[in-house]
Amino acid sequence: MSEQNETGSDFIRRRVEADLASGRYGGRVVTRFPPEPNGYLHIGHATAICLNFGIAEQYGGRCHLRFDDTNPEKEDPEYVRAIQDDIRWLGFDWGEHLYFASDYFEKMYECAEGLIRDGLAYVDSQPLEAIREGRGSLTEPGVDSPYRDRSVDENLDLFRRMRSGEFPDGAHVLRGKIDMAAPNMLMRDPVLYRIRHAEHYRQGDRWCIYPLYDYAHCLEDAFEDVTHSICTIEFENNRDIYDWVLEHTGFEEPRPHQHEWAGLDLENAVLSKRAIGPLVAAGLVSGWDDPRLATIAAYRRRGVPPEAIRKLARMVGVSRSGARTEEAKFDFAIREVLNTQAPRVMAVLDPLRVVITNLPEGHLEDLDAAYFPSDVAREGSRALPFSRELWIERSDFEEVPPKGFRRLVPGGEVRLRHAYVIRCDEVVKNEGGAITELRCSMDPDTKGGAAPGGRKVKGTIHWVSVAHAVDAEVRLFGPLLEDAGDGSDPTTVATGGAQDGGEPVEVDITERVDPESLIVVRAKIEPSVTADPPETRYQFERTGYFWRDPVDGRMDDLVFNRIVAMKSTYRPGGGVAKADESAAGVPTRPKQSKGRGDKDSTVTTVPKPQVGEGRAIAREEDATLRDRFTRYQQELGLSREHADVLTRTRRVGDFFEAALAEHDDPVGVAAWLVTDVRGLLDGRTLGDLPFGGRELGRLAALVANGSVTRRAAKDVLARLAEQGGDPRALVAEMGLEALADTDQLSGIVDGVLAAWPGKVEEYRAGNENLIGLFVGEVMKVSKGAADPRVARTMLIERLRS
RNA sequence: UGGCCCGUCGUCUAAUGGCAGGACACCGGUCUUUGGAACCGGCGGUGGUGGUUCGAAUCCACCCGGGCCAACCA
C-alpha cells in the first residue's frame, strides 16, 4: 500500500516545523505523554503516544512520560506500572525522562503564593454549592465571591494554614482572580487548589492541599521545558487558563503551548475509563486486559502486534475534526502486519468427521507442509500427519449447497490442503437427521494437492487427522456491548422521550454486555503447534490469526485467542456474512454505521436574511452606524451585505472611509476590506493591524492603475498585516511590479508548458480543468506579477496550436 | 439568551487561492493448493445559499449540522 499518508505531515507537525524554522524554541522539540495513573491505557491513548513520541523521534527531540498524579483519591501504583509496560510494548522509550506531577507540588505551591502576592489569586471560603452557583450559567455571567477582595496578607495566611492542615476538606479553596463574567466558563475564577485530607499513593500524607488540572498541567509542562503540549480537542476551552497561569507565574516566551487534536474514536470500542472500570469491578470481563476490551493490555493479550497499532495511528492521521474510525481499518492493519509474519497451520473449530474409505485402518503418512504460501518470502515447513479419519469444518460441507459454494457437496470433490483430493460418497446421519460423518474416497494421484491432467478442483479446505489432532480451547471475540456501534457514551443512553426532553439517563453498563461477545469453542488443531514457542502467532488457514492466550494458555493448556478473522469475500447465497461466522458458527450481528449528521435534512428553501443580527442591533443603538448603512448602499452603491459588514462597528467604517480618501472606489475597496482584510485578521481586530485604511486605499489604487496585479496585491496585503509599511515600497521590495512585458510573459508561458508535457497532453485530450494548473504555474513562476487574464489567453492559444 | 471549535467519497484523511488525491470499505477482473495474499480496474466527495476573485474545498457573510464548556476530576 501507499506510504504517502503514513509519512505525511499533519497540522501539529507543521506547527512544530514552523517553530523549528523560526527558531522559537532554539531548535528544541519536547513533547510529553501525561496519563493519570487511574486506569489502564486504551487504543486512544496509544495513538496519542504514537503522536507525541513520534514527533519527538522525527524532529530529534524528546518525549517525557509524566504521570499526572494530582488527585490522590483515584490513583494507584498498579496503574503506574501497567502504563509503563504498555508504552514500552508499543515500542517507545522515554529514556531518563520519567516524571511525576506530584514531585512538583512544592514548586507549584510557591507559584501559587506568587499569584496571591500579585493579587491574582484568593482564598474563597464559600461552600461548594455557592461557588457553583456564583459561576453563573452558559448564558448569564457569574457573580463575584464575597471573599474575592480579601487582602494579600489574609489570602497568604489562609493559604498557608490550608497547607498546614488546619482546615477540613471543603472549607476553603484557592481561586484564580480572572473574570467572573468571562464568556469562557473556565475563566470564571477557576479553582486552583482544594483541601483533601487523603493518602497520596506517592506522597503519602505530606500534602492536604492538591492542585487542580488547569493550574497544575501547564506548570508541569513549563517545569520540564516542554515545547509542544499536545492534548485532545475537549481541552480546547482550557487553553486560555493554560496561557493565563504561565503568563502570571513568570514563564516568559518561549514557553510551552497547548495544541489540540481530535484523538481516536474506534467503532465498537469502549474507550472510557469510566465505562471500563465498572465492568472490571463487576467481573463481567476478566480484568483490564480482557481481550474484548480496547485497552492496550487487552490488545496485547489478544495477540495484536504493536506494529499494527502504530500502523493504525499512521493510517488514521491527525486532525481537529471529530473522527470515528471503522473497525475494518484496524482489522486491515493487523492482517497487514501478520500476513508476512504468521506461519500457516490448520485448525478445525467446528469439527465434522470424514472417513477416507479407500485407505486401510491404521494408515499414516507424514506430509511435508510449508508454513508460508509462495507469496510470502519465508522458509519453513512441518510434518503433517494424514490418516484414514479426519476432521473438517462443518461449514465446509453442504448437502444442499447455495449458489457459488466451492466446498464439499455430496458426490463432489474438494482438495484437502497439502494432501489429496477427496470425493464425498456418502452422508451419515443420526436418528435426528443431523450429519455425523462423511464417507469419502481419495484420489492417490493428487498427493500434495496436485490435480493432474488439467483437472479443475475449485475448493480447498483445511483438515486435521483425528488420531493426531490436539484439543484446544479457542476464544472468539466480538463487540463487548450491544449497540456499541453508535458511538454514544456507553454509560448513558438517550431515552428519546419527548416528556423528558430526551436527556441522557444513566444506565447500568453491565446490563449492556453482549453475552455473545465471547464465544468459546473446542477445536481440533494439528499437533505441530505443541512444539512451537508459546508466543507464536499463527494463521489458522481460512479462519483467522490466533495465538495462545498469555494468561490461560501458556503452560500445558492449549487456549487460543482469535486476534482477527480472515477477510472474506464469500457471501453464501448472495447474502452478507463474515468469514468468522461461516467458519465457526458465530451468529451474525448486523453492524451499525453512523455518519456525521443528516446531510439531507439541511436543505432550506426559505430565503435567509444575509444580515447579521448582532450588527443590526448595533445599528439600532448607534445613529452613525445606521446612517452609514443607508449611505453606503444608496450613495456608494455597496451591496447590502458589504454595507452590513462595514457597519459592524465604527472602527470598520472609519477604516473604510480612510481607504476611500486614498482611492475613491467604494465597491472595490469594500470588497478588499470585507473579504481579504477580514481573512487576515485571524482572531485580531482591525485595530490590532499594523496598517490602516490609508494603506489599503493606496494598495487598491496600485491595483487599479495596473502597477500590480490583484493576485500580487494579496501577497502585499499579507505582508502589511504582518509588519505594516507603505504599499508602493513593499511592491518594489517584494519585486511584484506587474509584468507588462509580453515577451517575458510569453517566455514564462512556454516554460510552464514545457515543464508539464503530460498535463498538456491531458488538456488537449479534453481535460480543460487543467487550465487552472497552467495559470497557477504561470502565476507562481511570476510571483503573481503576470496578468492572469493575459496568461490564460496565451496559454489557450498555445494549447490549441 | 453565551463563548470557542469542527464540517471533503460509506469511513479516515490530503490539497495552506491554481489538477479534488490517497487509504480502508464496497463492487468487478486476473492469478491462486487459503473464498487469504498479490496485481489490475471500477464506484464514490467539498453541508447549503450568496459574495469576493481571472480562478474558491480554501477568503467573506448568512444559514444548517456536529462537538466542547457551568467537578473542589483529568
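Below, all heavy atoms of this structure are taken into account, side chains as well, without hydrogens, waters or symmetry copies. Within every chain, numbering begins at 1; the chains are lettered A, B, ... in the order of the sequence lines, protein sequences first and strands thereafter.
- Only the C1' atoms considered, B:A70 is 24 Å distant from B:G65, to the nearest whole Å.
- In this model, no side-chain donor or acceptor of A:Glu777 finds a partner on the base of B:G18 within 3.5 Å.
- In this structure, A:Tyr193 has its ring center under 6.0 Å from that of A:Phe159.
- Side-chain atoms of A:Asn237 come within donor-acceptor range of the base of B:C68, with a qualifying N/O pair under 3.5 Å.
- At a cut-off of 3.5 angstrom, the base of B:G2 holds no donor-acceptor pair with the side chain of A:Asn184.
- Along RNA chain B, the nucleotide nearest to A:Pro35 and the one nearest to A:Pro788 differ in position, and the one closer to the 5' end is contacted by A:Pro788.
- A:Arg335 has no side-chain polar atom (N or O) that falls below the 4.0 Å cut-off from OP1 or OP2 of B:A38.
- Distances shorter than 4.0 Å separate some side-chain N or O of A:Arg678 from OP1 or OP2 on B:A61.
- For A:Asp375 and B:U30, the CG to C1' distance is 15 Å, given to the nearest whole Å.
- Here A:Thr569 reaches the OP1 or OP2 of B:G36: one of its side-chain N or O atoms lies under 4.0 Å away.
- Residue A:Thr460 is in sugar-phosphate contact alone, with no base atom involved, counting any heavy-atom pair closer than 4.0 Å across all strands shown.
- At B:C54, one or more side-chain N or O atoms of A:Arg789 fall inside 4.0 Å of OP1 or OP2 (strictly under the cut-off).
- Distances shown here put a side-chain N or O of A:Arg615 below 4.0 Å from the OP1 or OP2 atom of B:C62.
- Looking at the side chain of A:Tyr213, the nearest of the listed nucleotides B:G51, B:C19, B:A74 is B:A74.
- Side-chain atoms of A:Tyr570 lie closest to B:G35 of the nucleotides B:G10, B:A74, B:G35.
- Comparing B:A74, B:G35, B:A70 by their closest approach to the side chain of A:Arg406 singles out B:G35.
- One N or O donor and one acceptor, one from the side chain of A:Glu641 and one from the base of B:G50, sit under 3.5 Å apart.
- Atom CD in A:Glu234 sits roughly 12 Å away from atom P in B:A70 (whole-Å rounding).
- The interatomic distance linking A:Arg324 (CZ) with B:G66 (P) rounds to 16 Å, in whole Å.
- Distance check on atom P: B:C4 versus B:A56 gives 29 Å, rounded to whole Å.
- A donor and an acceptor atom sit less than 3.5 Å apart, one in the side chain of A:Gln539 and one in the base of B:U34.
- Remark: A:Thr70 is in phosphate contact with B:A74, judged by side-chain N or O atoms under 4.0 Å from OP1 or OP2.
- Across all strands shown, A:Pro127 has heavy atoms under 4.0 Å from base atoms, whether or not it also approaches the sugar-phosphate.
- The local environment of CD in A:Glu761 is sparse, with at most 12 non-hydrogen atoms from other residues, nucleotides or ligands closer than 6.0 Å.
- If you check every strand for non-hydrogen atoms under 4.0 Å, A:Ala450 touches a base.
- Nucleotide B:U30: paired with B:A38 (Watson-Crick or G-U wobble, both distances less than 3.5 Å).
- Between A:Arg132 and B:A71, a side-chain N or O to OP1/OP2 separation shorter than 4.0 Å is present.
- Across all strands shown, the partner of B:C4 is B:G67, judged by Watson-Crick or G-U wobble contacts whose two distances both fall under 3.5 Å.
- Considering only side-chain atoms of A:Arg417, the nucleotide from B:G35, B:C19, B:U34 that sits closest is B:U34.
- In this structure, A:Lys567 reaches the B:C26 phosphate: one of its side-chain N or O atoms is under 4.0 Å from OP1 or OP2.
- Between B:U13 and A:Ser319, a contact under 4.0 Å exists linking OP1 or OP2 to a side-chain N or O.
- The gap from the P atom of B:G18 to that of B:G10 amounts to 25 Å, rounded to the nearest Å.
- Listed nucleotides B:A23, B:C19, B:G36 differ in distance to A:Leu773; the shortest reach to its side chain belongs to B:C19.
- Nucleotide B:C62 forms a Watson-Crick or G-U wobble pair with B:G48, both donor-acceptor distances falling under 3.5 Å.
- Atoms CZ (A:Phe774) and C1' (B:G17) sit 18 Å apart, rounded to a whole Å.
- Checking the phosphate oxygens (OP1, OP2) of B:A20, a side-chain nitrogen or oxygen of A:Asn769 falls inside 4.0 Å.
- Phosphate proximity of B:G36 to A:Arg542: absent, as no side-chain N or O sits under 4.0 Å from OP1 or OP2.
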